[in-house]
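Within every chain, numbering begins at 1; the chains are lettered A, B, ... in the order of the sequence lines, protein sequences first and strands thereafter. The model shown is predicted, which means the values in this text are computed figures rather than measured ones.
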Amino acid sequence: MAKFNLKINGKIHRVDVDPSTPMLWVLRDHLDLQGTKYGCGMALCGACTVHLNGTAMRSCVLPVSAAENQEITTIEGLSPNGDHPVQQAWLEHDVAQCGYCQSGQIMSAVSLLKNNPNPSDEDIEAFMSGNICRCGTYSRIKAAIKTAAKQ
Amino acid sequence: MKNTYSRRSFIKVSAISGGGMMLGFNWFVKAKPAEILSKGNDIPPEWVEMNGYIKITGDNVIKIMAPNPEFGQNVKTSLPMIVAEELDADWKSVVVEQASYDTSLFVRQMAGGSQSVRTTWKPLRTAGASARQMLREAAAQVWNVPVEEVTTKTGVLYHEKSGKSAKYGELASKAAAIPIPKDVQLKGVKEFKIVRHSQKNVDGLNIVTGKPLFGLDYRKEGMLIAMIQHPPAFGLKLKSYDAKEALGMPGIKDVFTIKLFEEGEEMAAFDTRTFNDAVVVLGKTTWEVMNARKKLKIEWEPASETKETVVAWGQKRENVIPAGLESTESHYSKMQEMAQKPAKQLRKDGDPEAAFQNAARIIERTYTAPFLAHNTMEPMNCFAHVTDTEALLVAPLQAPEFAEKTLAKRLGLPVEKIDIQMTRMGGGFGRRAYGHYLVEAALISRKAKVPVKLIYTREDDMTYGIYRPTYTVTYRAALDANKNLIGFHVKGGGIPEHAVHANRFPAGAIDNYLAEGWEIPSNITIGAFRAPRSNFIAGAEQSFLDELAEAMGKDPIEFRLELLKRAKENPVGANNDYDADRYAGVLNLVKEKSGWGSPEKRDLHRGVAAYFCHNSYAAHVIDMKMQDGQPVVQNVYSAMDCGIVVNPDAASNMVEGAVIDGIGNALYGVLTLKDGVPEQSNFNTYRIIRHHEIPKHIEVHFVENDIDPTGLGEPPFPPVFGALANALYRATGKRYYRQPFSKELSETQGG
């Protein structure tokens, strides 16, 4: 066990965990931030996507030891009331079906738009291909990203 | 005890403290009396048989309770919309409350079979209309005017002549004293202002802000995390284990075993016992438990043949679960062997034997499909807190009614002491109708005497079974010298069930028809998977009809329409399980919307398929091309007939999802076994369709009619497989008989 200072959504948290613990489980089990989802544990599905210094990262394979003193943003920290343009675009297109993967999809989309404010269809497909949706809401996700890009 | 629908017990009303009215009603047509009062719900005690309510408070808040589990089919929005429509409420001011989850209170509180809207349509409308009628009566009394002159508009009562008006909330207390009307006038469907108009998902904001809605998100102070280690192969069972090292790992509290069912114990519908004995690791956090579980030293041994007694739907049957380590390769050779043997006759019209003897040409094709894992994005999980006297379970599940009875028996507690709370589900697709993970969590909590959260990892989830069965079917068609279809034979089999629906199209359209089925028992457990059986047979049948149309020199849509015309005008046999007009309706709609028959773009190849299941009709046209040896789906045109569409945009979303799910499973979906071991255990080996593989354009159209709504979750899914196979044929010049098609494609393309 070791103590880590974590900067999550602008707040400092101190946790005492095994250094190998993935951020996903630190967020969910230790900090009760349940918005970041478990899907595969191997960076294959994107449900656990968070931002590390503004860039999308799969928190299920990010050890807490590698995240210390870095800026971590989770879905809870994206906006206070769901008013981030990407969240708003998600609502406008009524994207969600079951909704489980959508935190991760949104976090990936925000990261994409940050680096590429006007992505083409191919850009969106390439960047988002790491996020699985079993309900098949992909076409709405793409439409929502395009809407958000216009904001 | 069975109660049939009766008006007297259907609706009840009461005033609420602080002002307002509450109208209780049954969501479901067949209601049973509740055994107990609800817990933590503000339904008055005399309403025990009510399972839904509308609450209108003095300050004009209108709450509508949604009792059905939600896994993305959007019933939490669409069902209250139906109530609000007849109530003539202002949808924007309606608050949807998730009902407390009580299977003794709520009847058919389940998600499955595309039944939610279909079974609640009439009761929900009647309840909304009754409340509105009572509000109008109350206004008439207070204003001293004839009730006929009181009108409503978006939550406000009006009397035009006197210029009087009042919000519903203002007169709700008064309305609570009005006798429940015996007959209420329902709106004409043309008057709908909420239903048939797209409304956003009531949980949309909670989803995009990451609120803890799902089972895996549920936490309780003091709970421990549990994981179970099941055998690595079907056909193995626990022999012994050594937990010394695991117990020494940080955070680990205990390691023990549980037995899902006692030997010889009767099982019920949706009970499964894939792996009866499991080793449990219990600890403080998920990561610690995951790591400790890896340190278990477990010896497994071959399981012997098992007999299961299952009592389901009033029938008792004995299942023999064979011993042995099964492999996909041997499954396919066994199926080939069985397909040659005589099978059980399911339907026979005319003289099919003679037709085939006299045929000028016989076309015979065999189709196969593998096991599929549901792979809900949220793996199975359950919170359980079981004491000597009661049990609380919180889980994402589709059918609590079934799980509760099994839990009661297994825990030795009366059902009223078992409280099952349903969370939003991170996907279901049938998988969560099987409540074994509730039983496991309950047994773990009882043994450990603490609240626990059982979590399946992705690997646990994917290798546990409850798969879509593996199927095969052989179709034969007899043509005379003039290429007329004179005989049709379908013979299907599978492990452990076949997928033949003997009374479905084209039964009824062909004079000489034979349907047969056979089954091979297995120790690989199976379960319902989005549109069970249809999800295979539709693709096979629609591929065969496509090939048949080609052999007969006919357009594939015209060929189907001719058969449907025959089935309508001069049907063969009885019990034909489809409406030929509505079936033709979706084909005609998809024909029109896709511009079928107009010159195709040179680089696009199109396939069509249609199917009827779960009370609704679906047809798709898929346009695709091959690019670098890979299929690229350009356009999908979908035509649906599910009667009145309650929430059009959400309904389109569901169909778009079904199209994508269908293409994904048809191309990539496969779960194989080697010596009992599933060869796929995570998304690196089990391929799920991703963003870059979906159609560029999906267009969903609904047949516009005023027929009471039926289901939509399942019906659009099955024919996707056929439309894709038929488009692939036109794109590559080769027919595809074995799913997943990507495997056959790579063989064809030499990749």
If you measure from NZ on A:Lys146 to NE2 on A:His93, what distance do you get to the nearest 0.5 Å?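 That separation rounds to 10.0 Å.
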What distance separates B:Leu667 CG from B:Glu693 CD, expressed to the nearest 0.5 Å?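 Interatomic distance, B:Leu667 CG to B:Glu693 CD, rounded to 0.5 Å: 8.0 Å.
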For [X], all residues meeting ring pair (Phe, Tyr, Trp, His ring centres under 6.0 Å), sequence neighbours excluded:
| X | answer |
| --- | --- |
| B:Phe214 | A:Tyr100 |
| A:Trp25 | A:Tyr38 |
| B:His374 | B:Phe529 |

[options]: which one forms the most heavy-atom pairs within less than 4.5 Å of chain A?
| options | result |
| --- | --- |
| B:Met462, B:His692, B:Arg690 | B:Arg690 |
| B:Ile660, B:Asn684, B:Ile207, B:Thr286 | B:Thr286 |
| B:Thr209, B:Thr285, B:Ile698 | B:Thr209 |
| B:Asp203, B:Asp649, B:Ile689 | B:Asp649 |
| B:Asn201, B:Asn653, B:Asn682 | B:Asn653 |

Most contacts with chain B, counted as non-hydrogen pairs under 4.5 angstrom, among [options]:
| options | value |
| --- | --- |
| A:Ser129, A:Ser79, A:Cys133, A:Gly99 | A:Ser129 |
| A:Gly35, A:Cys135, A:Gly82, A:Ser103 | A:Cys135 |
| A:Gln88, A:Arg28, A:Gln105, A:Glu76 | A:Arg28 |
| A:Ala96, A:Cys98, A:Gly39, A:Ala47 | A:Cys98 |

Would A:Arg134 pass as a cation-pi partner of B:Phe429, given that its NZ or CZ must be under 6.0 Å from the six-membered ring centre and within 45 degrees of the axis?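 Checked: cation-pi criterion met.
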Against chain B, label [X] side chain, backbone, both or neither, depending on which of its atoms sit under 4.5 Å from a heavy atom there.
| X | value |
| --- | --- |
| A:Leu24 | neither |
| A:Gln87 | both |
| A:Ile132 | both |
| A:His30 | side chain |
| A:Val17 | neither |
| A:Asp121 | neither |

Are A:Pro119 and A:Leu113 close enough that some pair of their side-chain heavy atoms sits under 4.5 Å apart?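 A side-chain contact exists here, since the closest heavy-atom pair is under 4.5 Å.
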Side-chain contact test, heavy atoms from C-beta onward, threshold under 4.5 Å: evaluate it for A:Glu92 versus A:Arg140 and give yes or no.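 No. Closest side-chain heavy atoms not under 4.5 Å.
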Is there a donor-acceptor pair closer than 3.5 Å between any side-chain N or O of [X] and the backbone N or O of [Y]?
| X | Y | answer |
| --- | --- | --- |
| B:Gln199 | B:His197 | yes |
| B:Arg432 | B:Gly427 | yes |
| A:Asn116 | A:Leu112 | no |
| B:Lys211 | B:Val208 | no |

Is B:Arg530 paired with B:Glu714 through a side-chain N to carboxylate O contact shorter than 4.0 Å?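 The answer is no: the pair does not qualify as a salt bridge.
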Crowding at NZ, B:Lys284 (>12 non-hydrogen neighbours, <6.0 Å):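 For B:Lys284, atom NZ is not crowded (no more than 12 foreign heavy atoms under 6.0 Å).
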Check whether [X] gets within reach of chain A through its side chain, its backbone, both or neither, counting any heavy atom under 4.5 Å.
| X | value |
| --- | --- |
| B:Ser652 | both |
| B:Leu205 | both |
| B:Tyr456 | backbone |
| B:Ile694 | side chain |

Tell me the residues of residues 48-62 of chain A whose non-hydrogen atoms fall below 4.5 Å from those of chain B, in number order.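 Under the 4.5 Å heavy-atom cut-off, nothing qualifies.
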Establish, from distance only, whether the side-chain atoms of A:Asn131 and A:Ser108 form a donor-acceptor pair under 3.5 Å.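 Yes, side-chain donor-acceptor contact under 3.5 Å.
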